[in-house]
Amino acid sequence: MFSVKDWIDQKEWTNWSGNVVSKPTRSLLPLSTEHLSQIIKKVSENGQTLRVTGAGHSFSPVAMPDDIAVSLHNMRGLINVDQASGEVTLWAGTYLYEIGPLLKEYGLALQNMGDIQDQTIAGAVSTGTHGTGITLGSISNQVIAWGFVDGLGEYHEHKRADDELSNSLHLSLGLLGVLVQVTLQTVPLYSLKCVSTQAILPVALQDWSQMIRENRHLEWFYFPGSEKVQVKMMNMIPIIEQSKSSKVIESVKNQFVENGLFYLMSELCRKQPKRTALVSKISASSVPNGVKTGLSYEIFPTPRHVKFLESEYAIPLEHFEACMEEIHYTLLSHPFRVHFPIECRTAAGEMGYLSPTGGVESAFLAFHMYKGMDEKPYFRWVQHLMTKYNGRPHFGKVNALSAERMLELYPNLPKFLDQRDKYDPNNVFMTAYFKTLFTKVECESLTM
């Protein structure tokens, strides 16, 4: 949980998993848009850089501050609600776990969510946080207007349209400015029924294309070296809240079984890597068959207390079956000492210039490694494999992007950089990490 005192006193900033660390010169907590504008103007005058760190739930350095670290923790909550249209404006520092209960009071809900709800809405929008559902987009896709302070300290409001600024703000990585408010298109409040079952991979692959169309949400957890897959299906039902007894049972299960026991098994794997194959098979055999119901924001998230590193890629949906068959064939011999399951989800295509979907229906595959174990060989293999299947990485996850690779994957990148130059001419938001992704490309784009 965020602590204002710890934030102000911090000598070192680190992300959730602890794999990214920096020592910002100052850590600031603006109280208003005007206060933030003053901060940015000062940073620009001093030739420094600024980064909003959000909840630090990225595994790449996208939130890492070089000079000035900013948190929007004091800029949270609802600004405006239009119940008739479903348009809702939020302060950008609002945490995802706060949004569901706030919207419930007005009979509204987010169209879709991911399975982690610790991020701020600004961070989720800026990095393309997503859930699953072939007809549904990311949280970025739910935004219909942005309010942001640019690199000169000027505030702008922009309503989504088919224009270059909208396509750049869609997934901006915070490189055009600091989001201070977002307007979302919400939907009427709804509940979900979540069904979890076990399946054998060959059978699951045969059913994949049909099941992603028949269910509002479909999610897989494939266990390396095992034939088993956990299949989670979620669909809308008439409004019903999760019962108190169900919440207690689920809390106990998450705390002591799925997190506590899994932590102990993960520690065993860290100390004795040869045990990973056994642990993966035990985990696969322990997949629960069950049903739970509740309001959407009660069902979407899953508490994650066992820390890990993650690399995630979107591939065109048509390549999913072939990709999974290759993954399974490779991991049967368990060459990478990994026991975390691979999470498989779907998403509709989105038109933002930096969207990993590239505008087409996509499958997202997320690869995890327990913190403290050597993830490098595994993630190198993942990166090579994803190149074969035209994969685009989630910017908030571990990746091997370069300036050259960015231009290959995102043909509209020069248009994004044109907008970046307009709104951040003094490179206030261009940290050392982003220079490795954009500096050469910026030079090349000028000559095109």
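Heads up: numbering here begins at 1 and tracks the sequence.
Using modelled atom types, no side-chain atom of Gln181 and backbone atom of Leu78 make a donor-acceptor pair closer than 3.5 Å. A donor-acceptor pair under 3.5 Å is absent between the side-chain atoms of Thr183 and the main chain of Thr89, judged by distance alone. The backbone N or O of Gly54 lies less than 3.5 Å from no partner atom in the side chain of Thr120, so there is not a single donor-acceptor pair. Proximity of a side-chain donor or acceptor of Asp115 to a complementary backbone N or O of Thr302 within less than 3.5 Å is not detected.
Counting only residues at least two apart or in different chains, side-chain hydrogen bond (donor to acceptor under 3.5 Å, both in side chains) contacts with residues 335-347 comprise Ser266-His339, Glu312-Arg345. Residue pairs meeting the side-chain hydrogen bond (donor to acceptor under 3.5 Å, both in side chains) criterion with at least one partner in residues 131-144, sequence neighbours excluded, are Ser138-Glu350.
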Would you tabulate the side-chain donor-acceptor contacts of residues 41-50 under 3.5 Å, counting partners in other chains and residues two or more places apart, or write 'none'?
residue, atom, partner, partner atom, Å
Ser44, OG, Asn426, ND2, 3.0
Asn46, ND2, Lys42, O, 3.3
Thr49, OG1, Asp67, OD2, 3.2

Sequence neighbours left out, cut at 3.5 Å: what donor-acceptor pairs do the side chains of residues 143-150 make with other protein atoms?
residue, atom, partner, partner atom, Å
Asp150, OD1, Leu152, N, 2.8
Asp150, OD1, Gly153, N, 3.1
Asp150, OD1, Glu154, N, 2.9
Asp150, OD2, His156, NE2, 2.7

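In this structure, the separation between CE on Met236 and OH on Tyr190 is 5.0 Å, given to the nearest 0.5 Å. Atoms NZ and OG, from Lys104 and Ser296 in turn, are 11.0 Å apart once rounded to the nearest 0.5 Å. A distance of 9.5 Å separates OH in Tyr353 from CG in Leu165, rounded to the nearest 0.5 Å. Interatomic distance, CZ of Arg420 versus CZ of Phe434, reported as 9.5 Å (0.5 Å rounding). Separation of atoms CG (Leu401) and CD (Gln383) is listed at 9.0 Å; rounding is to 0.5 Å.
Within 6.0 Å of the CG atom in Asn80, the count of heavy atoms belonging to other residues, nucleotides or ligands exceeds 12. More than 12 heavy atoms of other residues, nucleotides or ligands sit less than 6.0 Å from atom NZ of Lys307.
In summary, the aromatic rings of Tyr410 and Phe416 are positioned with their centroids too far apart to meet the 6.0 Å limit. Under the 6.0 Å cut-off for aromatic ring centres, Tyr313 and Phe367 do not qualify, their centroids lying 6.0 Å or more apart.
Under the rule for a side-chain contact (heavy atoms from CB on, under 4.5 Å), the partners of Ala92 that lie at least two apart in sequence or sit in another chain are Leu72, Ala122, Leu179. Under the salt bridge (Lys or Arg N to Asp or Glu O under 4.0 Å) criterion, Lys415 pairs with no residue, sequence neighbours left out. Partners of His170 under the ring pair (Phe, Tyr, Trp, His ring centres under 6.0 Å) rule, at least two apart in sequence or in another chain, do not exist in this structure. For Arg216, the salt bridge (Lys or Arg N to Asp or Glu O under 4.0 Å) criterion is met by no residue, not counting sequence neighbours. Under the rule for a salt bridge (Lys or Arg N to Asp or Glu O under 4.0 Å), Arg380 has no partner lying at least two apart in sequence or in another chain. For Lys271, the salt bridge (Lys or Arg N to Asp or Glu O under 4.0 Å) test picks out no residue, with sequence neighbours left out. In this structure Pro61 satisfies the side-chain contact (heavy atoms from CB on, under 4.5 Å) test together with Val20, Met64, Tyr433, sequence neighbours excluded. Contacts of Tyr389 classified as ring pair (Phe, Tyr, Trp, His ring centres under 6.0 Å), with partners at least two apart in sequence or in another chain: none.
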### Task
May I have the step-by-step check of ring-ring contact (aromatic ring centres under 6.0 Å, His included) for Phe364 and His394, ending in yes or no?
CA-CA 9 Å; Phe364 277 87; His394 187 305; 7.1 Å; no

### Message
I'd like to know whether Phe340 forms a ring-ring contact (aromatic ring centres under 6.0 Å, His included) with Phe262, so could you lay out the CA-CA distance, the side-chain angles of the two residues, the decisive distance to 0.1 Å, and finally the verdict.
### Response
CA-CA 10 Å; Phe340 269 66; Phe262 193 60; 4.9 Å; yes

### Task
Begin with the C-alpha distance, continue with both residues' side-chain angles, and end with the deciding distance and a verdict on side-chain contact (heavy atoms from CB on, under 4.5 Å) for Lys292 and Ile299.
CA-CA 8 Å; Lys292 64 177 180 179; Ile299 301 301; 4.1 Å; yes

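In terms of heavy-atom proximity, Phe429 sits nearest to Asp424 at N-OD2, 3.0 Å. Residue Cys194 comes nearest to Lys232 through the heavy atom pair SG-CE, 3.9 Å, listed as atom of the first residue, atom of the second, then distance. Minimum heavy-atom separation, Ser355 to Leu171: CA-CD1, 4.2 Å. Heavy atoms only, all atoms of each residue included: Ala348 and Thr357 are closest at O-CG2, 3.7 Å. Val21 and Gly18 make their closest contact through CG2-O, 4.0 Å (heavy atoms, listed as atom of the first residue, atom of the second, distance).
Relative ring orientation between Phe59 and His57 is described as perpendicular, the plane-to-plane angle rising above 60° on a 0-90° scale split at 30° and 60°.
In this model, a donor atom of one side chain and an acceptor atom of the other lie less than 3.5 Å apart for Glu267 and Tyr370.
Between Arg304 and Glu310 there is no salt bridge, since none of the side-chain N atoms of the basic residue sits less than 4.0 Å from a carboxylate O of the acidic one.
At a threshold of 4.5 Å between non-hydrogen side-chain atoms, the residues Ser60 and Phe395 do not count as touching.
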